[in-house]
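Structure, as structure tokens:
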Amino acid sequence: MDAKQLRQQQQLVDHQHRDSHSHSPAYQALLRAGPRIRPLQQVHAQIVVLGKCRSLALLTKLLTLACAAGSIVYTRRLFHTVPDPDSFLFNSLIKGSSKLGFPKDAVFFYRRMGLASILPSNYTFTSVIKACADLSALRLGREIHSHVLVSGYGSDSFVQAALVAFYAKSGDLCVARKLFDKMPEKTVVAWNSMISGYEQNGFSREAIGLFYQMREWGVEPDSTTFVSVLSGCAQLGAIGLGCWVHDYVVSHGFDVNVVLGTSLINMYSRCGNVTKAREVFDLMSERNVISWTAMISGYGIHGYGREAMELFGQMRVHGPRPNNVTFVSVLSACAHAGLIQEGRCAFADMRSEYGLVPGVEHHVCMVDMLGRAGLLNEAYQFVKELNPGELAPAIWTAMLAACKMHKNFDLGVQVAEHLLAVEPENPGHYVLLSNIYALAGKMDRVELVRNMMIRKGLKKQVGYSTIEVGQKTYLFSNGDKSLPEIEEVYQYLDELMSRCREAGYAPAPASVMHELEEEEREYALRYHSEKLAIAFGLLKTSTGLTIRVVKNLRMCEDCHSAIKYISIVSNREIIVRDRLRFHHFNNGSCSCLDYW
DNA sequence: CTAGGGTTAG
């Protein structure tokens with residue numbers, strides 16, 4: 001043993017020596033108890049017996065351990081027994097409750113701190129602002145922001161980053177961005193807060209734009225940055241950028257942890273490449289419920305019900321315990337693949353095997369599954385057997401969609417009128433009702449519903465589609481002429497459609513089209529956004545490459561049929577992700593087998 | 001006698 005090793009060993013011995021003698025027996029007992037309620041209660045009793053319940057150091061440790069044990073109730077009770085809490089105790093408590101998911105309590109303790117006239121520090125603020133972010137409590141957060149300024153912590157970079165994240169999460173992106181822009185030194189965390197803020201509010205393009213700007217500024221991204229950027233790619237269907245991120249992560253030796261791995265799975269499956277998603281899944285060294293659920297849901301949205309159920313079976317044997325979200329993925333996979341019996345079993349197992357209580361989402365999946373399969377009576381029976389408190393509008397919407405699909409006008413009209421009564425401001429219900437009337441040929445009723453919408457000033461959701469070409473995403477929307485090449489696209493599409501007609505495509509008659517679509521149809525603009533995006537993709541990419549389009553609404557039947565023909569005449573694979581699922585068009589047929 | 005932060009997935 002050389003001198004250096006000897007010294008190290010001596011230090012170790014000293015350390016242990018100090019450790020075992022510098023703490024009181026009660027403190028040591030707390031350390032031994034750890035974050036476990038029963039042992040902590042026993043030590044608490046000892047502390048009381050020893051007459052040490054005025055020792056703030058002991059009480060602070062006891063409180064933070066109680067909080068770490070997940071029992072906020074016990075923590076609260078203990079707090080009320082502390083005679084004269086100091087700033088150390090308050091800070092520990094606020095940090096603990098905020099970090100462990102008890103934001104309301106964090107705010108409560110912050111208030112008590114103020115009442116006790118104890119000044120908050122920058123540490124206090126980072127924790128309590130995070131609590132406000134978790135609560136999306138805009139007013140409260142603004143108030144605390146003013147305390148930050150008064151206390152002179154406005155230029156603390158941790159507090160600033162926390163504020164950026166808070167405003168972004170609470171939906172006030174403008175204020176978040178103003179704060180961010182004013183930050184003199186923008187840390188990676190500040191960039192991450194702003195990027196994820198854009199992404200989580202649905203502004204993926206802005207999120208990705210900011211990511212490019214971050215690189216221009218020479219700030220090195222970390223795995224958190226990539227998680228947000230990949231989520232943005234997943235939303236936009238930007239597979240090129242997604243692959244670039246994946247390459248970057250691998251070539252720069254980043255550790256693909258559970259979170260990053262899961263967001264890669266999500267990105268690949270939502271960009272249309274489930275095979276690649278599965279590769280990532282298989283290579284991950286650690287997988288949790290979220291990773292398994294992401295993979296199952298990936299299979300589901302592509303209509304690969306068998307694969308989804310196969311993986312779910314493996315999960316039940318070797319994997320983590322499935323939770324409510326897992327069952328949403330499983331049930332919707334069953335719904336999209338027509339696996340009725342499997343779906344019924346899974347729904348029953350939820351409660352009996354896993355003790356999970358089905359919520360609205362699960363009921364919606366069941367109605368959707370039964371309804372798609374044409375089992376309208378069973379679906380309706382299922383709805384009627386729910387408790388009145390469980391009858392969310394979404395359940396009726398699923399029922400209505402099933403009525404429309406299987407042309408059950410009487411039930412459909414009944415359901416739609418019920419929906420209009422419950423949610424008179426939701427334009428989607430009017431669209432569905434008018435669709436049903438149009439299918440039934442009751443054009444006077446269609447007009448009536450339409451006028452009702454106009455009178456209420458309700459607008460249909462605007463449909464748009466995106467396509468990525470050369471790592472840049474292009475957005476197409478009905479009537480939007482901002483793209484310089486748009487005339488060329490229209491011209492090419494006209495040509496394409498006439499070739500489709502030669503191949504046997506019969507467009508839906510204009511009179512039906514007019515009311516059937518979820519998108520506004522203007523006569524001057526002949527095409528839905530997905531057709532425009534596909535035409536653009538065909539023009540801009542070389543033969544043999546797959547066309548991938550993402551649409552925000554559901555595809556209409558006419559487009560669905562037209563794209564089958566486009567896949568023939570252009571001899572290309574075309575993948576369209578609509579609001580609910582993927583459609584892989586190849587050589588005249590679609591992977592959904594027309595089972596929507 | 002006591003710690004130390006803000007950002008991330010389904």
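FYI, side chains are in, hydrogens and waters are out, and symmetry mates aren't considered; it's all heavy atoms of this structure. Numbered from 1 within each chain, the chains take letters A, B, ... in sequence-line order.
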Send over the distance from [X] [atom1] to [N] [atom2], rounded to a whole Å.
X	N	atom1	atom2	result
Met194(A)	dT8(B)	CE	P	12 Å
Phe211(A)	dT8(B)	CZ	C1'	14 Å
Ile296(A)	dG10(B)	CD1	C1'	10 Å
Trp292(A)	dG10(B)	CH2	P	18 Å
Met267(A)	dG10(B)	CE	P	13 Å
Lys52(A)	dC1(B)	NZ	C1'	9 Å

Which side-chain N or O atoms in residues 160-171 of chain A pair as donor and acceptor under 3.5 Å with protein atoms at least two apart or in another chain?
unit_1	atom_1	unit_2	atom_2	d
Gln160(A)	NE2	Gly154(A)	O	3.0
Tyr167(A)	OH	His145(A)	ND1	2.8
Ser170(A)	OG	Phe166(A)	O	2.7

Please list, one pair per line, the donor and acceptor atoms closer than 3.5 Å that link side chains of residues 37-49 of chain A to other protein atoms, with sequence neighbours excluded.
none

Inset, instruction - Using the test salt bridge (Lys or Arg N to Asp or Glu O under 4.0 Å), find all partners of Arg287(A) that sit at least two apart in sequence or belong to another chain. - result: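 Arg287(A) satisfies salt bridge (Lys or Arg N to Asp or Glu O under 4.0 Å) with no other residue.
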Inset, instruction - State which residues pass salt bridge (Lys or Arg N to Asp or Glu O under 4.0 Å) with Asp222(A); sequence neighbours excluded, sorted by chain then number. - result: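 Expected list: none.
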Legend entry - Any Gln200(A) side-chain N or O less than 4.0 Å from OP1/OP2 of dA9(B):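 It does, given that an N or O in the side chain of Gln200(A) lies less than 4.0 Å from OP1 or OP2 of dA9(B).
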Inset, instruction - Could you tell me whether Ser55(A) contacts a base, only the sugar-phosphate backbone, or nothing, with contacts defined as non-hydrogen atoms closer than 4.0 Å? - result: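 Answer is base: heavy atoms of Ser55(A) come under 4.0 Å of a base.
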Inset, instruction - Can you check each nucleotide of nucleotides 2-7 of chain B against protein heavy atoms at under 4.0 Å and return B for base, S for sugar-phosphate only, - for none, in 5' to 3' order? - result: BBBBBB
Legend entry - Nucleic acid contacts of residues 320-332 of chain A, taken as heavy-atom distances under 4.0 Å to DNA chain B: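 DNA chain B contact set from residues 320-332 of chain A: Asn323(A), Val325(A).
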Legend entry - Closest heavy-atom pair and its distance - Gly303(A), Ala337(A):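 It is O-CB, 3.9 Å.
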Legend entry - For Cys271(A) against Ala234(A), the heavy-atom pair lying closest together: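 Where Cys271(A) meets Ala234(A) most closely, the heavy atoms are SG-CA, 4.4 Å.
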Legend entry - No-hydrogen, no-angle side-chain donor-acceptor test under 3.5 Å, Asn266(A) and Ser263(A):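 No, Ser263(A) and Asn266(A) have no side-chain donor paired with an acceptor closer than 3.5 Å.
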Legend entry - Any side-chain donor near an acceptor of the partner, Ser231(A) and Ser228(A), under 3.5 Å: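 Side-chain D/A pair, Ser231(A) to Ser228(A): absent.
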Inset, instruction - Kindly say whether the aromatic ring centers of Trp191(A) and Phe211(A) come within a distance under 6.0 Å. - result: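 Judged by ring-centre distance (under 6.0 Å), Trp191(A) and Phe211(A) do not meet the cut-off.
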